Amino acid sequence: MIMSRSEAPTPQGTAVTGNLHDRLLDRLLAGLPAEAVLTDPDVTASYANDMASFCEAGAPAVVVLPRTVEQVQHVMRTATELRVPVVPQGARTGLSGGANAADDCIVLSLTKMDRILEINPVDRIAVVEPGVVNATLSRAVNEHGLYYPPDPSSWEMCTIGGNIGTASGGLCCVKYGVTAEYVLGLDVVLADGRLMSTGRRTAKGVAGYDLTRLFVGSEGSLGIVVRAVLALKPQPPQQLVLAAEFPSASAACDAVCRIMEGGHVPSLLELMDRTTVKAVNDLAQMGLPETTEALLLAAFDTPDPAADLAAVGALCEAAGATQVVPADDAAESELLLQARRLSLTALEAVKGTTMIDDVCVPRSRLAELFAGMEGIAEKHDLTIGVVAHAGDGNTHPTVCFDAADPDESRRARESFDEIMALGLELGGTITGEHGVGILKKEWLAREIGPVGLEMQRAVKAVFDPLGILNPGKLF
């Protein structure tokens with residue numbers, strides 16, 4: 001519902017006074033079209049949270065959907081003048097509460113800024129606005145023989161701005177790296193409305209501090225990304241996939257170590273445990289081998305992928321694989337990848353609610369992490385399915401529980417925390433690609449320590465002295 005200032009009611013449950021609410025809408029409508037300012041509480045409530053469980057969300061005072069950089073600048077000047085918090089959002093597919101609204105805030109949804117401004121095959125760059133959907137960009141650059149590698153599981157929905165905010169990864173990280181490796185430059189609207197450009201369009205550049213990398217992964221706490229210069233690669237050959245069945249997760253993790261130690265560079269190396277395989281079969285009747293304890297998927301996009309798969313298949317057999325099946329063609333390969341992409345949806349169907357963890361450990365300690373997670377599931381009498389970007393040690397333990405059962409919900413949260421503690425004990429990190437948000441901010445403090453936390457807060461204060469950008473996130 002779109003209203004003028006005089007028609008807009010104060011959102012229920014907020015502490016905004018009528019006078020301040022009116023002033024806020026007056027200021028916003030002075031520089032924004034009426035259709036870009038949403039005030040109906042039923043509508044604004046739909047922007048309150050992302051896809052994370054156990055993360056509180058407030059009631060926004062207003063939702064703004066700008067289409068231009070100037071409109072974003074106007075919103076930030078207004079927010080600074082009136083000391084109103086601003087929560088930037090993309091598609092809200094995040095899994096840490098990083099896009100959750102604060103009470104009385106301006107939700108700044110950037111989904112309408114969705115233009116691909118340039119694709120340059122010579123410089124191998126794309127220039128995009130933050131609301132461009134990942135899959136849309138990928139398909140657009142493919143038409144030029146180019147490739148944008150970062151591919152989160154939600155790539156058909158998530159936006160480039162959101163990917164930058166969380167430094168997200170995807171299935172191909174083992175070979176191509178995460179979003180941070182592809183962001184060359186940014187245009188950022190600062191908290192006070194000033195526009196700053198960082199980085200470059202060139203293949204190389206080391207002028208000054210790397211502020212571009214500082215913004216990547218900052219979860220909207222330092223500024224609003226309104227334009228990004230992204231690096232592209234030549235489109236690789238069609239990849240082929242191999243599936244290897246193992247009698248234990250430990251054996252599958254051993255195979256991962258052998259593959260990486262052997263110098264192989266797969267374009268994908270994914271692991272699904274028995275709980276996940278069963279869930280996918282129950283959901284989509286994919287015909288995956290339910291007798292397996294762990295299913296490893298390896299892919300190569302090299303000029304001779306069949307030879308690479310044969311070499312990796314031999315390593316899997318040496319690690320104890322009971323069956324190794326290389327795909328014959330692209331269609332069969334895509335079927336195997338579809339099973340992997342369905343994992344999280346399938347696990348959601350097990351109990352109705354999930355908590356998805358994001359612990360990353362050194363590859364050499366992956367087997368210990370899997371063993372520990374199995375013990376945690378038994379201890380709390382819970383179903384925990386595990387999928388992993390095994391090639392880079394990034395696991396997604398997914399706790400399945402009934403949200404209507406208070407005791408099961410409590411056990412789910414406790415198990416989630418124990419998995420993060422286990423990851424830190426094994427020399428890992430609490431998040432490999434999902435971000436900190438609300439869900440993990442206590443754990444961020446544990447990981448980086450008091451001095452690290454002090455320095456991060458000092459950086460935040462430089463860019464956002466009033467503390468209005470995405471308050472309550474990270475720390």
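Every value quoted in this text rests on a predicted model; they were computed, and no experiment measured them.
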Novice: Any side-chain donor paired with an acceptor under 3.5 Å for E219 and T166?
Specialist: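 Distance-only check fails for E219 and T166.
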Novice: Does the gap between the ring centers of F463 and F215 come in under 6.0 Å?
Specialist: yes
Novice: Look at R365 together with E368 and state whether they make a salt bridge at an N to O cut-off of under 4.0 Å.
Specialist: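 Looking at E368 together with R365, the answer is yes, because their closest N to O distance falls below 4.0 Å.
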Novice: Between T276 and D273, is there a side-chain heavy-atom distance shorter than 4.5 Å?
Specialist: yes
Novice: Per the side-chain contact (heavy atoms from CB on, under 4.5 Å) rule, which among V324, V325, L269 passes with L242?
Specialist: V324
Novice: Only one of D187, L186, V127, N120 passes side-chain contact (heavy atoms from CB on, under 4.5 Å) with V229; say which it is.
Specialist: V127
Novice: Give a yes or no answer on whether the side chain of D114 reaches the backbone of V133 with a donor-acceptor pair at less than 3.5 Å.
Specialist: no
Novice: Taking the side chain from T202 and the backbone from K204, do they hold a donor-acceptor pair closer than 3.5 Å?
Specialist: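 Yes, T202 side chain to K204 backbone: donor-acceptor pair under 3.5 Å.
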Novice: For S53 and T354, indicate whether the former's side chain and the latter's backbone hold a donor-acceptor pair under 3.5 Å.
Specialist: yes
Novice: For the pair E143 and R139, evaluate salt bridge (charged side-chain N to carboxylate O under 4.0 Å, His left out) and give the outcome as yes or no after the intermediate values.
Specialist: CA-CA 7 Å; E143 293 177 4; R139 294 182 180 118; over 6 Å; no
Novice: With no hydrogens and no angle check, just 3.5 Å: does a side-chain donor-acceptor pair link D358 and N394?
Specialist: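 Yes, N394 and D358 have a side-chain donor paired with an acceptor closer than 3.5 Å.
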Novice: If only side-chain N and O atoms count, and only distance matters, is there a donor-acceptor pair under 3.5 Å linking H380 with E408?
Specialist: no
Novice: What are the two closest non-hydrogen atoms of L439 and M355, and how far apart are they?
Specialist: CD1-CE, 4.0 Å
Novice: I need the minimum non-hydrogen distance between P266 and K175, along with the two atoms involved.
Specialist: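 Heavy atoms of P266 and K175 come nearest at O-CB, 3.2 Å.
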Novice: Considering all heavy atoms of both residues, which atom of P326 and which atom of L309 are nearest to each other, and what is their separation?
Specialist: CB-CD1, 4.4 Å
Novice: Not counting sequence neighbours, which residues clear ring-ring contact (aromatic ring centres under 6.0 Å, His included) with H434? List them please.
Specialist: H396
Novice: Grab the two heavy atoms, one from V128 and one from V132, that are nearest each other, plus how far apart they are.
Specialist: CB-CG2, 4.0 Å
Novice: State, without any angle test, whether T322 and E317 hold a side-chain donor-acceptor pair at a distance under 3.5 Å.
Specialist: no
Novice: When rounded to the nearest 0.5 angstrom, what distance separates CG in D308 from CD1 in I259?
Specialist: 11.0 Å
Novice: Taking ring-ring contact (aromatic ring centres under 6.0 Å, His included) as the cut-off, I'd like each qualifying pair that reaches into residues 401-420, sequence neighbours left out, listed once.
Specialist: F54-F401
Novice: With distance as the sole criterion, is a donor-acceptor pair present between the side chains of D417 and W443 under 3.5 Å?
Specialist: yes
Novice: Going by heavy atoms in the side chains, are N163 and P150 under 4.5 Å from each other?
Specialist: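 Not in contact.
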Novice: Quickly, which of L230, I125, I119 forms a side-chain contact (heavy atoms from CB on, under 4.5 Å) with V141? Name it, please.
Specialist: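 It is I119, the one option of L230, I125, I119 that forms the side-chain contact (heavy atoms from CB on, under 4.5 Å) with V141.
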Novice: Determine, stepwise, if the pair E245 / T291 fulfils side chain to side chain donor-acceptor pair (under 3.5 Å).
Specialist: CA-CA 9 Å; E245 182 179 351; T291 55; 2.9 Å; yes
Novice: Using a strict 4.0 Å threshold on nitrogen-to-oxygen distance, state whether R274 and E374 make a salt bridge.
Specialist: yes
Novice: Measuring from atom CG of N142 to atom CG of L232, what distance do you get when rounded to the nearest 0.5 angstrom?
Specialist: 10.0 Å
Novice: So how far is it from I384 CD1 to S415 OG, rounded to the nearest 0.5 Å?
Specialist: 4.5 Å
Novice: Taking the side chain as every heavy atom from C-beta outward, state whether T302 and Q239 have any atom pair closer than 4.5 Å.
Specialist: no
Novice: Answer yes if the side chains of K473 and N470 hold a donor-acceptor pair under 3.5 Å, and no otherwise.
Specialist: yes
Novice: Does a sphere of radius 6.0 Å around CD in E118 hold more than 12 heavy atoms from other residues, nucleotides or ligands, not counting ones at 6.0 Å or beyond?
Specialist: yes
Novice: Check whether any side-chain N or O of K441 sits under 3.5 Å from a backbone N or O of G472 as a donor-acceptor pair, and report yes or no.
Specialist: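 Indeed, once roles are kept as given, a pair shorter than 3.5 Å links the two residues.
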Novice: Tell me, yes or no, whether the heavy-atom count around R446 atom CZ, taken from other residues, nucleotides or ligands under 6.0 Å, exceeds 12.
Specialist: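 Enclosed.
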Novice: Say you draw a straight line from OG of S333 to CG of D328; how long is it, rounded to the nearest 0.5 Å?
Specialist: 8.5 Å
Novice: Can you tell if the side chain of D123 reaches within under 4.5 Å of the side chain of R201, non-hydrogen atoms only?
Specialist: yes
Novice: I would like to know whether K379 and E418 meet salt bridge (charged side-chain N to carboxylate O under 4.0 Å, His left out); could you show each step before the answer?
Specialist: CA-CA 11 Å; K379 171 185 173 182; E418 289 181 20; 3.0 Å; yes
Novice: Between K278 and E290, is the closest basic N to carboxylate O distance under 4.0 Å?
Specialist: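 No, this pair does not count.
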Novice: Any chance you could measure I356, atom CD1, to M51, atom CE, to the nearest 0.5 Å?
Specialist: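 Reported to 0.5 Å precision, the distance equals 7.0 Å.
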Novice: Within a strict 4.5 Å, meaning less than it, do heavy atoms of the K233 and R124 side chains meet?
Specialist: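 No, too far: nothing below the 4.5 Å cut-off.
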Novice: Are the side chain of D103 and the backbone N or O of A59 linked by a donor-acceptor pair below 3.5 Å?
Specialist: yes
Novice: Has the side chain of T292 got a donor or acceptor atom that lies under 3.5 Å from a matching backbone atom of P289?
Specialist: no
Novice: Any salt bridge between E181 and R213, counting N to O under 4.0 Å?
Specialist: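 A salt bridge is present here (some side-chain N lies under 4.0 Å from a carboxylate O).
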Novice: Taking the side chain as every heavy atom from C-beta outward, state whether L108 and V87 have any atom pair closer than 4.5 Å.
Specialist: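 No. Closest side-chain heavy atoms not under 4.5 Å.
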Novice: Looking at E433 and V178, would you say the former's side chain and the latter's main chain have a donor-acceptor pair under 3.5 Å?
Specialist: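 Checked: no pair found.
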Novice: Over all heavy atoms of both residues, which pair between S221 and K460 is shortest? Give the atoms and the distance, please.
Specialist: O-NZ, 2.8 Å
Novice: Checking E293 against S248: is there a side-chain donor and acceptor pair closer than 3.5 Å?
Specialist: no
Novice: Please report the C-alpha distance between D357 and T395 in whole Å, then the side-chain angles of each, then the deciding distance to 0.1 Å, and finally whether the side chain to side chain contact (heavy atoms under 4.5 Å, CB included) criterion is met.
Specialist: CA-CA 8 Å; D357 216 326; T395 66; over 6 Å; no
Novice: Between R258 and C316 (side chain of the first, backbone of the second, donor and acceptor by atom type, cut-off under 3.5 Å), is there such a pair?
Specialist: no
Novice: Tell me whether T179 contacts the main-chain N or O of I164 through its side chain, where contact means a donor paired with an acceptor under 3.5 Å.
Specialist: no
Novice: Atom CG in L65, atom CE in M113: separation rounded to 0.5 Å?
Specialist: 11.5 Å
Novice: For I468, does its backbone N or O pair with a side-chain atom of D464 as donor and acceptor, under 3.5 Å?
Specialist: yes
Novice: For I224 and L469, work out which heavy atoms get closest and say how close.
Specialist: CD1-CD2, 3.7 Å
Novice: Do the non-hydrogen side-chain atoms of Y148 and I160 ever get within less than 4.5 Å of each other?
Specialist: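 Contact flag for Y148/I160 side chains = yes.
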Novice: After noting the C-alpha distance and the side-chain angles of N134 and D151, does the key distance pass the side chain to side chain donor-acceptor pair (under 3.5 Å) rule?
Specialist: CA-CA 7 Å; N134 184 293; D151 62 341; over 6 Å; no
Novice: Could you walk me through whether L295 and F246 pass side chain to side chain contact (heavy atoms under 4.5 Å, CB included), step by step?
Specialist: CA-CA 6 Å; L295 186 69; F246 289 88; over 6 Å; no
Novice: Would you say the side-chain atoms of Y147 and D301 include a donor-acceptor pair closer than 3.5 Å?
Specialist: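 No, D301 and Y147 have no side-chain donor paired with an acceptor closer than 3.5 Å.
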Novice: Within the structure provided, determine whether I419 and I376 are in side-chain contact (heavy-atom separation under 4.5 Å).
Specialist: yes
